[in-house]
Amino acid sequence: MPQTQEDILENQRLFKNLGFGKGAIGIAGVDGAIDCTHIRLVHTRFQNVDEIYRNRKGYFSLNTVIGPRMEFLDIVPEWPGSAHDSRIFQNSRIYTRYLEHQLNGILIDDAGYPCLPSLMTPINNPVTNEEITYNNIQSRTRNIVKRTYGVRKRRFPCLSRGLTTKLLCSTTIVVAYAVLHNMSLRFNGNLPDDDSDEEQDEDVHVLEPNWQSADGFAFREALIERMFNA
C-alpha cells in the first residue's frame, strides 16, 4: 500500500477517475480494488490435505487477494482454494490495518466480501437512481482488477497453465510474479494486451460472504448520500 500522504492522495485520485462515467462522478477515498483469483496447482503433493486446496471449479489452487492499480498493492498467497474470499480478507494483515485505523481509506470489492466501513461492495438489489448509478461507478472502479488479471495471464502464462512445483515453492512464485510485475511497471511501464474477457470464467458465480457487519451498510448509505446530494 502507498506509504506517504502524497502517494495515498495520488492513488485515491486515480481510483476516483476510474469511476468517471457520463456524470463524471467517482468514489472518493479509494485505496485499492480487491478480489480473489485461483492459481492452478498441477501434480503438487499436499501431504493428505489435498481436498482443502480444491476450489469450487474442481481444481487444486491457491487463493491470492490483491489490491491493484495495475500494480499489486497487497497479496495473500498462502490460503487454499476452498477458503472463502471473505475469510481470507478477515484473516489478512490489511484487514487488521484498517481495523486499527492504520489505513483510513476504503477498498472496492465484489459481493463475495462483506460490506464494511473500509470495504465497499455493490448493492445487491438497487432500487433508486442513486443506488443504480453507485453500482455502475463501483463496477467501473473495480474493473481494474479483471484487467490486471488479464495482463497477468499474458505476462506469466505459467500461472494459467498451472504450477508443478512444491506447495511452498508455489507460494513463493506467486509473490515473485507480483514483485516482478510491479518492477516492470516502475522501470518500463509497457503492458501486454490484457485478457480480461477470458478471465471472467474463473469466478462467474460469486459466493456471498460468510460474515457481515451492519456498520458497513450504514457507511455505504452515507457514502452514496455524499456522492449525489453533497
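None of these values were measured; they are calculated from a predicted model. In this chain, residues are counted from 1 in sequence order.
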Under the rule for side chain to side chain contact (heavy atoms under 4.5 Å, CB included), what residues qualify as partners of [X], not counting sequence neighbours?
X	result
T128	E130, E131
N104	H101
S92	V76, F89, I94, Y95
P114	S86, L116, L119, P209, W211, Q212

Side chain to side chain donor-acceptor pair (under 3.5 Å) against E100, all qualifying residues, sequence neighbours excluded:
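Once residues adjacent in sequence are excluded, the partners of E100 under the side chain to side chain donor-acceptor pair (under 3.5 Å) criterion are Q102.
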Which pair of heavy atoms, one from [X] and one from [Y], lies closest together, and at what distance?
X	Y	result
A28	I106	O-CD1, 3.9 Å
Y134	P122	CE2-CA, 4.2 Å
P126	I123	CD-O, 3.4 Å
V127	I132	O-CD1, 4.1 Å
P77	V174	CB-CG1, 3.7 Å

Lys/Arg N to Asp/Glu carboxylate O, D35 vs R142, below 4.0 Å:
no
Backbone N or O of [Y] within a donor-acceptor pair of the [X] side chain at under 3.5 Å?
X	Y	result
H181	M70	yes
S170	K166	yes
R140	G19	yes
S184	L180	no

[atom1] of [X] to [atom2] of [Y]: how many Å apart, nearest 0.5 Å?
X	Y	atom1	atom2	answer
L99	R93	CG	CZ	14.5 Å
Q90	I88	CD	CD1	11.5 Å
R40	T164	CZ	OG1	14.0 Å
T171	I39	OG1	CD1	12.0 Å
D109	C115	CG	SG	8.0 Å
T37	Y149	OG1	OH	5.0 Å

Does a side-chain heavy-atom distance below 4.5 Å link [X] with [Y]?
X	Y	answer
I137	M227	yes
I173	L163	yes
I27	I108	yes
K146	N143	yes

Could you give me the CA-CA distance, side-chain angles and deciding distance for R152 and S160, then say whether side chain to side chain donor-acceptor pair (under 3.5 Å) is met?
CA-CA 9 Å; R152 177 208 75 186; S160 298; 4.5 Å; no
Would you check, one step at a time, whether the test side chain to side chain contact (heavy atoms under 4.5 Å, CB included) holds for L185 with M183?
CA-CA 5 Å; L185 290 178; M183 290 178 63; over 6 Å; no
Step by step, would you call F228 with I25 a side chain to side chain contact (heavy atoms under 4.5 Å, CB included)?
CA-CA 9 Å; F228 300 104; I25 297 176; 4.0 Å; yes
Does F217 share a hydrophobic cluster with M120, counting links as ILVMFWY side-chain heavy atoms below 4.5 Å and allowing steps through other members?
no
For Y177 and F72, what are the C-alpha separation, side-chain angles and deciding distance, and is it a ring-ring contact (aromatic ring centres under 6.0 Å, His included)?
CA-CA 10 Å; Y177 94 75; F72 291 88; 5.6 Å; yes
Does the side chain of T121 come under 3.5 Å of the side chain of R220 through a donor N or O and an acceptor N or O?
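A pair is found: one side chain offers a donor N or O, the other an acceptor, under 3.5 Å apart.
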Would Y113 and C36 satisfy side chain to side chain contact (heavy atoms under 4.5 Å, CB included), going step by step from the backbone distance to the final call?
CA-CA 10 Å; Y113 293 86; C36 266; 3.7 Å; yes
Under the side chain to side chain contact (heavy atoms under 4.5 Å, CB included) criterion, do L107 and V30 qualify, and how do the steps go?
CA-CA 6 Å; L107 297 174; V30 177; over 6 Å; no
Distance-only donor-acceptor pairs under 3.5 Å for side chains of residues 7-18, two or more places apart:
| unit_1 | atom_1 | unit_2 | atom_2 | d |
| --- | --- | --- | --- | --- |
| D7 | OD2 | T4 | OG1 | 3.1 |
| E10 | OE1 | R13 | NE | 3.1 |
| E10 | OE2 | R13 | NH2 | 2.8 |
| N11 | OD1 | R69 | NE | 3.2 |
| N11 | OD1 | R69 | NH1 | 3.1 |
| N11 | ND2 | D31 | O | 2.4 |
| Q12 | NE2 | D31 | OD1 | 3.0 |

